[in-house]
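A quick write-up on the structure given underneath.
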Amino acid sequence: MTETSATAPAITELDFADQAKNRVQFGRDLVAGLRETGFIVIRNHTIPQREIEAMERASKSFFALPVETKTQYAMPEHHFQRGYSPFGTESAKDQDAPDLKEFWHVGRDTIPNIPPTPPVTENPAFDTAGHALFDAMDDFARTLMVSIGDTLDMTPDAMGEALENGNSILRLLHYPPMPKREGPSVRAAEHEDINLLTLLLGAEEAGLQVKHRTGVWLSIDAPVGAVVVNAGDMLDRLTGGVIPSTTHRVVNPSADRAPHSRYSMPYFLHPANDFVLDALPSCLELGGTAKTPITARNYLDERLREIGLAKA
Ligand SMILES: O=C(O)CCC(=O)C(=O)O
Ligand SMILES: [Fe+2]
């Protein structure tokens, strides 16, 4: 396995304030950064800090509830796309050992065949914070994705429309303390995200690493208040591989941090379920390779089976 390296290439950093100054250039920088390192740090984003902090507080108190209480909110029949996913439910594609995490999914309430996010009666602040943060992250993620669409010469408004009823998900994650470090499991084994773009807000505890295109694992230590953005498999498919999805993982803590939980909150931007993932002509001109077109819904179902959230 490739080790992390102090001499590794730097991760692209962008300032969202530059978007107002030069939209075209910001879009180009975004696409270039995603192509080069696949992970980008963006400062001066539009997600309000008070909503981030309210969510962090509410998440800590939700995950502290008894497991029987949390499990009432599990929705295996809906492939855990809303509500609670117990510890050990998800494993990365092609990994036998489950990841060492429990999580909660907030989604849009208007997606056909998927129920709304269940309200947690024991913790109303968790619901309020979840919906507020979903909206704020959705708004920012959509702005970035429209900028990518414009840069890649998508038909004007096509990307905006595809995201209008996007099947996106805010995932609130808890990795419990690890007093005993046994077995093959890691907090999150190396994987690529399924969706178009992922937004991550700085976790307090270390552990997130990205595999640079050169094969080197880089530790991600986002500046406080910045958001980290990475490309997922749907964007890879839409761009014919011109923007490859980024392999990443969450490694187990060092011995001194092992008694501590790790909390994080990735936002997965998805298009509407009927959106067809098909390589853009501009990307084919850049050397991309087209695969068989597939709807976002069918692609998601295939991938949920691979990671154990849907039964085959
Ligand atoms: O916890 C993190 O920092 C990353 C989580 C992640 O990669 C995922 O849930 O897909
Ligand atoms: Fe991920």
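First listed ligand is number 1; within each ligand, the first listed atom is number 1.
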Subset of ligand 1 atoms that lie under 4.0 Å from at least one heavy atom of Leu173: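 Close to Leu173: 1 (O), 5 (C), 9 (O).
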Side-chain touch His260/Pro253, heavy atoms, less than 4.5 angstrom: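 Not in contact.
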Min heavy-atom dist Arg262 to ligand 1 below 4.0 Å: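 Yes; Arg262 lies near enough to ligand 1 that a heavy-atom distance drops under 4.0 Å.
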Phe268 to ligand 1, any heavy atom closer than 4.0 Å: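 So Phe268 counts as touching ligand 1.
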List the closest protein heavy-atom neighbour of [atom]: residue, atom name, distance to the nearest 0.1 Å.
atom: atom 4 (C) of ligand 1; value: Val250 CG2, 3.7 Å
atom: atom 8 (C) of ligand 1; value: His191 NE2, 3.7 Å
atom: atom 9 (O) of ligand 1; value: Arg171 NH1, 3.1 Å
atom: atom 5 (C) of ligand 1; value: Tyr175 OH, 3.4 Å

Ring-face cation of Arg249 near Trp217 (centre distance under 6.0 Å, axis angle within 45°):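 Because its charged atom sits under 6.0 Å from the ring centre and within 45° of the axis, Arg249 does stack over Trp217.
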Will you find, in the side chains of [X] and [Y], an N or O donor that is under 3.5 Å from an N or O acceptor?
X: Thr110; Y: Asn165; value: yes
X: Tyr84; Y: Glu102; value: yes
X: Asp29; Y: Gln25; value: yes
X: Thr247; Y: Glu192; value: yes

Nearest-0.5 Å distance that lies between atom OG in Ser261 and atom CG in Leu173: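 The CG atom of Leu173 is 12.0 Å from OG of Ser261, to the nearest 0.5 Å.
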N or O pair under 3.5 Å between Ser264 and ligand 1: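 Between Ser264 and ligand 1, an N or O pair is found under 3.5 Å apart.
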His248, portion touching ligand 1 at heavy-atom distance under 4.0 Å: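 It is the side chain that gets close, since no backbone atom is under 4.0 Å.
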Thr198, portion touching ligand 1 at heavy-atom distance under 4.0 Å: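 The answer is neither.
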Near-ring test Phe103/His105, centroid separation under 6.0 angstrom: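 Yes, close enough.
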Output field: ring centroids Phe16/Phe140 closer than 6.0 Å: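 For Phe16 and Phe140, the ring centres are under 6.0 Å apart.
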Derivation of the side chain to side chain donor-acceptor pair (under 3.5 Å) call for Thr198 and Asn195: CA-CA 7 Å; Thr198 303; Asn195 44 296; 3.0 Å; yes
Total protein N, O or S atoms, the Fe ion (ligand 2), separation less than 2.8 Å: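 Protein N, O or S neighbours of the Fe ion (ligand 2) under 2.8 Å, waters not counted, come to 3.
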Taking only distance into account, with no hydrogens and no angle test, what donor-acceptor pairs under 3.5 Å do side-chain atoms of residues 273-288 form with protein atoms, sequence neighbours excluded?
from   : atom 1 : to     : atom 2 : distance (Å)
Asn273 : OD1    : Asn167 : ND2    : 3.2
Ser282 : OG     : Leu152 : O      : 2.6

